[in-house]
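Quick one: the structure is below, questions incoming.
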Amino acid sequence: YLAVVAGKLVAGILAGSLSVISDAIHSSVDSLNNVVGLVVMRYATAEPDDEHPYGHAKFETLAAFAIAGFLFVTCYQISLSAIKKLFSHETVTIEITTLTISVMLVTIVVNVFVAVYEKREGQRLKSEFLIADAIHTRSDILVSCSVLTGLFLIKAGFVWMDPVVSLAVAAFIGWNGYQIFKTTVPVLVDAAPVPSVRIAAVAEEVPGVHSVHDVRSRAQGGEMFIEMHMHV
């Protein structure tokens, strides 16, 4: 995957294209996430102990949350560069070659394979981190496709499309960061995954149970923990 980042970065610098360089930065964040994931998963899959009776799965959720943070920082940096370039009066020369387009096509194919594999394994292992990283990689595919389209427009003479495509890339990155935040924050703050009244209704259907109260629930690492006071 580092080869994908290097390829995009070199192609972007040679072409003088901000949109391609922005895409390389986006991919570099994905590579960093993979390294973080290798470290985090070692702790997240550890067995429960006296200090962590519910296990260590929240380390994985926290890592997924960090991915969203990286995405927002990337979004800000790319947006800032694109806006400066968009309103700059300097003449910019962008040379789109066969090499530039070929690199983008190859990276798209690689990312499609990675995204499909990560999503499948994430669902199989119920891994929030892998699913979040699959979303990030999928965004990389769409971003690369947008950049590739922009390259053809730039080659046709629409040089101003370069910072515009970069802004679109930044917006998409920010949206993906929000999607990850939306799924990880409820887990980190122990939001109830199921309404208490629903849990109580299921429990009270069991023969011998008179009533339940003080129902609490939270989700973590594909599991749900429920606590309640029960009268039998």
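Side-chain atoms are counted along with the backbone in the values below, which use heavy atoms only and exclude waters and symmetry mates. Since we're looking at a predicted model, the values are computed, not measured. Position 1 is the first residue of the sequence; numbering continues from there.
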**Request:** Taking all heavy atoms of E204 and all of V212, pick out the closest pair and write down the distance.
**Result:**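 That closest heavy-atom pairing would be OE2-N, 3.4 Å.
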**Message:** Please give me the minimum heavy-atom distance between V215 and A200, naming the atom from each residue.
**Reply:**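 Closest approach of V215 to A200: CG2-CB, 4.4 Å.
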**Request:** Determine, using the 4.5 Å side-chain heavy-atom cutoff (strictly less than), whether L105 and V112 are members of one ILVMFWY cluster.
**Result:** yes
**Asked** Taking the six-membered ring of Y54, is the NZ or CZ of R218 close enough (under 6.0 Å from the centre) and on axis enough (within 45°)?
**Response**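 Relative to the ring axis of Y54, which defines the angle, R218 lies inside both limits.
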**Message:** Please find the pair of heavy atoms, one from A68 and one from G177, that lie closest to each other, and give the distance.
**Reply:** CB-O, 3.4 Å
**Message:** Show the nearest heavy-atom pair for residues I141 and A115, with the distance to one decimal.
**Reply:**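 So the two residues come closest at CD1-CB, 3.9 Å.
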**Prompt:** Under 4.5 Å between side-chain heavy atoms, hopping through other hydrophobics if needed: is there a path connecting F181 to F59?
**Reply:**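 Looking at the clustering, F59 is in a separate group from F181.
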**Asked** Under 4.5 Å between any side-chain heavy atoms of V206 and V209, yes or no?
**Response**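 The answer is yes; the side chains approach within 4.5 Å.
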**Message:** Distance check, rounded to the nearest 0.5 Å: K58 atom NZ versus L188 atom CG?
**Reply:** 6.5 Å
**Request:** Enter the distance from Q123:CD to E118:CD here, rounded to the nearest 0.5 Å.
**Result:**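 Between atom CD of Q123 and atom CD of E118 there are 12.0 Å.
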**Distance in Å, I199 CD1 paired with M228 CE, rounded so as to fall on 0.5 Å steps** =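 One gets 6.0 Å once the value is rounded to the nearest 0.5 Å.
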**Asked** Going by heavy atoms in the side chains, are H231 and H213 under 4.5 Å from each other?
**Response** yes
**Asked** Any idea which heavy atoms bring K119 and A134 closest together, and the distance?
**Response** N-CB, 3.7 Å
**Message:** Counting the benzene-type ring for Trp, do Y178 and F72 have ring centres under 6.0 Å apart?
**Reply:**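 No.
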**Hydrophobic cluster identity match, L80 and V73, side-chain contacts under 4.5 Å** =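 No, no single cluster joins them.
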**Prompt:** In terms of hydrophobic clustering (I, L, V, M, F, W, Y; side-chain heavy atoms under 4.5 Å; direct or indirect links), are I180 and Y76 co-clustered?
**Reply:**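 Not linked; separate clusters.
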**Fill in**
Shortest non-hydrogen pair, S217 vs V194, comes out as OG-O, 3.6 Å
**Message:** Hydrophobic clustering (ILVMFWY, side-chain heavy atoms < 4.5 Å, transitive) - are F65 and L71 grouped together?
**Reply:**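 No.
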**Prompt:** Could you give the distance from CZ (F225) to CG (D190), rounded to the nearest 0.5 Å?
**Reply:** 10.5 Å
